[in-house]
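Worth saying up front: this structure is predicted, and the values here are computed from it rather than measured.
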Amino acid sequence: MAYRIIVLLIISSAVANIYAIPPASPIKCTTGTTGCTLQNSYGVWGDRKDCIASKVIYPTTQDQLLTIVADATKNKLKLKVVSKFSHTIPKFACPANGDSSIIVSTENYNSNIDINVGELTVTADAGVSLRALINKVEDAGLSLVAAPYWEGVSVGGLISTGAHGSSWWGNGGSVHDHVVKIDMVVPAKQSEGFAKALHLDATNDQLFNAAKASLGTLGIISKVKLKLENGFKRSITFNFTDDIALEDAFTSHAKAHEFGDITWYPSKHTAVYRHDDRVSINTKGDGTNDFLGFQSNLIVVAKSTRASEKSLEKTKNMKGKCAMASTFIGYKKLVANGLKNNLIFTRYPVIGRQGKMQTSGSCLYSSSSDIVNACAWDPRIGGLFFYESTAIFSADTFKDFIRDVKKLRDLNPNNFCGVDIYNGLLIRFIKASTAYLGQPMDSVVVDFNYYRADEATTPRLNQDVMEEVEQMAFFKYNARPHWAKNRKIAFSKVQKRYKNFDSFMAAKTKMDPQNIFSSEWTDELLFGSKGEDYDGCALEGECVCSEDRHCSPTNGYFCLSGYVYKEARVCRYAQSSLS
């Protein structure tokens with residue numbers, strides 16, 4: 001099986017982006033029905049319940065935004081904004097239930113990208129894609145310093161959700177900390193025409209600091225002005241090594257390399273240190289970061305990988321999962337995880353323009369309508385289907401988290417092969433932020449993806465291990481959830497984890513007093529839902545189990561304590577609830 005997969009990977013990489021299908025629109029409006037359905041890019045929300053609105057509007061100008069908000073204010077309607085990508089996992093984009101809810105799509109609000117070379121800034125419409133922004137900036141001989149690793153986001157969307165790269169240098173890795181001005185359309189009094197455009201910058205700190213990471217709950221972002229720097233290149237080398245000193249090395253690595261990160265594969269006792277530094281624009285090299293996970297995949301490869309993993313899950317074959325993990329990690333090392341010196345990877349370091357190295361997402365683009373390649377997670381092809389958990393730690397607590405995960409790993413390293421099939425634990429760095437819902441101190445971000453079953457009632461192999469890591473992060477170490485990722489339990493008591501949460505809510509009350517941009521979904525996440533209480537609710541992170549029925553006792557999964565973090569309550573495959 002492993003040999004077959006690696007052959008398919010090589011073929012898939014060779015023909016990537018030939019005859020690829022672009023992602024589908026997240027909004028579906030069916031003729032003859034009332035209302036439209038909003039999905040995220042995976043096709044399924046965390047609770048597997050649809051998001052429905054009465055209609056969708058596609059504005060193209062700020063004046064149209066003003067008209068939309070004024071009409072909603074006057075007629076007590078509910079609004080939610082979504083981009084053409086809809087890549088957020090929690091339901092912040094979901095409108096409130098009822099006939100009065102409207103989706104505002106910024107897909108067509110993407111005409112303007114204005115660069116001021118003299119002051120080193122760029123101002124863009126909220127619907128402009130990150131790739132379009134970067135290309136325009138680079139064409140002007142300038143560079144945007146911070147960007148998320150995935151480029152399938154809009155300017156307004158990435159500002160709203162705290163999107164980030166990796167850096168403790170300068171203004172840090174969060175894009176919102178490079179914002180100098182935001183234009184936002186908000187509700188207003190009748191005497192002001194029921195809507196107005198606010199022009200927010202550092203001169204009105206309270207509203208600006210709220211708007212820099214607003215979660216779509218304050219108003220509609222119209223334009224964003226970002227700080228730029230003179231153009232530069234990046235030099236990247238991946239160093240595959242033992243993870244023995246990881247808990248002591250992460251701080252020095254972040255301080256030594258401006259854009260450094262670390263990928264940790266616990267089951268293999270391997271840490272991959274990304275040596276990623278700025279170099280002069282005159283440095284020789286025309287490299288590209290075409291991250292392997294974001295390349296177009298042959299649909300047959302994505303389907304084969306999913307089918308193999310489902311089979312291993314069904315038969316509880318940990319050794320098979322470990323063989324898959326070894327295959328994928330070996331292939332990533334062979335091709336430098338998608339780095340290319342020119343057309344292919346030949347040697348380290350890989351050096352290229354900032355705009356070609358800072359973000360990627362080649363599976364977004366197509367040259368034909370023929371269905372051959374796609375993003376591996378495209379819900380139309382039956383490919384990868386997984387959870388994304390992202391915990392943000394205070395730097396001074398992260399060392400102990402690594403030690404705890406190592407203790408859990410050392411009980412049986414094979415238990416971590418499932419997460420290593422994806423991307424292990426990706427460790428990145430972001431600085432303290434003035435945004436109210438940004439990070440209150442220098443922080444370490446940990447992303448980990450892992451298998452999700454086709455059906456909500458199907459338990460997963462070693463799911464107790466991932467649940468213990470998840471609860472260890474959010475409950476023992478009080479990590480903060482990434483606003484655009486995570487399962488519901490990560491948002492438990494989230495308001496207590498941000499020292500400026502009350503300031504954010506005060507700004508929200510001022511900007512949207514009628515709660516036009518709120519819904520039951522956003523309230524549930526912002527105010528830290530306790531979770532659901534139904535049979536099987538813990539299987540998908542809708543609750544932390546407290547009874548066996550929250551797991552799947554008929555399939556042998558019972559609610560038990562964690563192995564290392566004893567206070568954790570996890571769904572474990574066992575002989576009985578007394579095991």
Side-chain angles (χ1 to χ4, degrees), residues 1-24 41-44 87 149-152 238 263 265 267-268 272 288-315 317 319-340 343-345 360-388 417-424 426 448-454 460-461:
M1 180 187 70
Y3 174 78
R4 184 186 75 220
I5 289 175
I6 200 160
V7 169
L8 288 171
L9 283 169
I10 292 170
I11 295 172
S12 181
S13 182
V15 299
N17 302 323
I18 301 173
Y19 310 121
I21 57 171
S41 58
Y42 301 110
V44 179
H87 212 75
Y149 285 15
W150 166 247
E151 65 185 55
F238 287 125
T263 301
Y265 297 107
S267 74
K268 306 304 175 187
V272 184
T288 302
N289 175 18
D290 188 13
F291 174 62
L292 194 61
F294 298 157
Q295 292 179 15
S296 285
N297 279 248
L298 282 171
I299 292 174
V300 66
V301 173
K303 291 172 71 73
S304 176
T305 301
R306 177 65 178 179
S308 296
E309 196 171 10
K310 285 171 66 175
S311 175
L312 296 172
E313 285 276 330
K314 186 175 182 179
T315 58
N317 187 344
K319 289 185 178 179
K321 283 213 167 191
C322 291
M324 281 187 74
S326 295
T327 298
F328 290 143
I329 295 168
Y331 184 67
K332 289 174 183 178
K333 186 174 183 180
L334 179 68
V335 299
N337 211 10
L339 290 178
K340 299 175 181 177
L343 296 177
I344 61 172
F345 171 71
S360 60
S362 56
C363 70
L364 288 165
Y365 314 108
S366 64
S367 57
S368 170
S369 59
D370 292 339
I371 301 177
V372 178
N373 290 276
C375 294
W377 58 85
D378 190 315
R380 296 169 296 178
I381 69 171
L384 303 187
F385 187 41
F386 51 89
Y387 295 109
E388 285 189 72
C417 289
V419 73
D420 287 350
I421 286 174
Y422 291 84
N423 202 39
L426 175 61
F448 49 103
N449 300 348
Y450 46 106
Y451 178 89
R452 186 177 185 184
D454 291 346
R460 306 180 312 281
L461 179 61

Exercise for the section: Can you measure from CD1 (I421) to OH (Y265) and round to the nearest 0.5 angstrom? Expected result: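 If I round to the nearest 0.5 Å, the distance is 12.0 Å.
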
Practice task
Measure the CG-CG distance between D378 and N373 for me, rounded to the nearest 0.5 Å.
Solution key: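 Result: 11.5 Å between the selected atoms.
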
Could I get the full list of ring-ring contact (aromatic ring centres under 6.0 Å, His included) partners for [X], not counting sequence neighbours?
X: F385; value: none
X: F448; value: Y450
X: F294; value: W150, F291

Tell me, do [X] and [Y] make a side-chain contact under 4.5 Å, heavy atoms counted?
X: C417; Y: M324; value: no
X: T305; Y: L384; value: yes
X: S362; Y: E151; value: no
X: R452; Y: Y42; value: no

Side chain to side chain donor-acceptor pair (under 3.5 Å) with [X]: which residues, sequence neighbours excluded?
X: E309; value: K321, Y422
X: S267; value: D420
X: T288; value: none
X: N423; value: K332

Tell me the closest heavy-atom pair linking [X] and [Y], and the distance in Å.
X: A302; Y: I381; answer: CB-CD1, 3.9 Å
X: L334; Y: F345; answer: O-CD2, 3.8 Å
X: S360; Y: D290; answer: CB-CA, 4.3 Å

Exercise for the section: Apply the test side-chain contact (heavy atoms from CB on, under 4.5 Å) to residues D454 and R306: give CA-CA distance (whole Å), side-chain angles for both, the deciding distance (0.1 Å), then the verdict. Expected result: CA-CA 10 Å; D454 291 346; R306 177 65 178 179; 2.6 Å; yes

Listed by chain and number, what are the side-chain contact (heavy atoms from CB on, under 4.5 Å) partners of [X], not counting sequence neighbours?
X: P23; value: L364, C375
X: A453; value: Y451, T458
X: K303; value: I299
X: S41; value: H87, W377

Can you tell me if [X] uses its side chain to pair, donor with acceptor, with the backbone of [Y] under 3.5 Å?
X: S311; Y: A307; result: no
X: N337; Y: V335; result: no
X: N289; Y: L339; result: no

Exercise for the section: Tell me, please, which residues at least two apart from R460 pass salt bridge (charged side-chain N to carboxylate O under 4.0 Å, His left out). Expected result: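 So R460 forms no salt bridge (charged side-chain N to carboxylate O under 4.0 Å, His left out) with any residue.
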
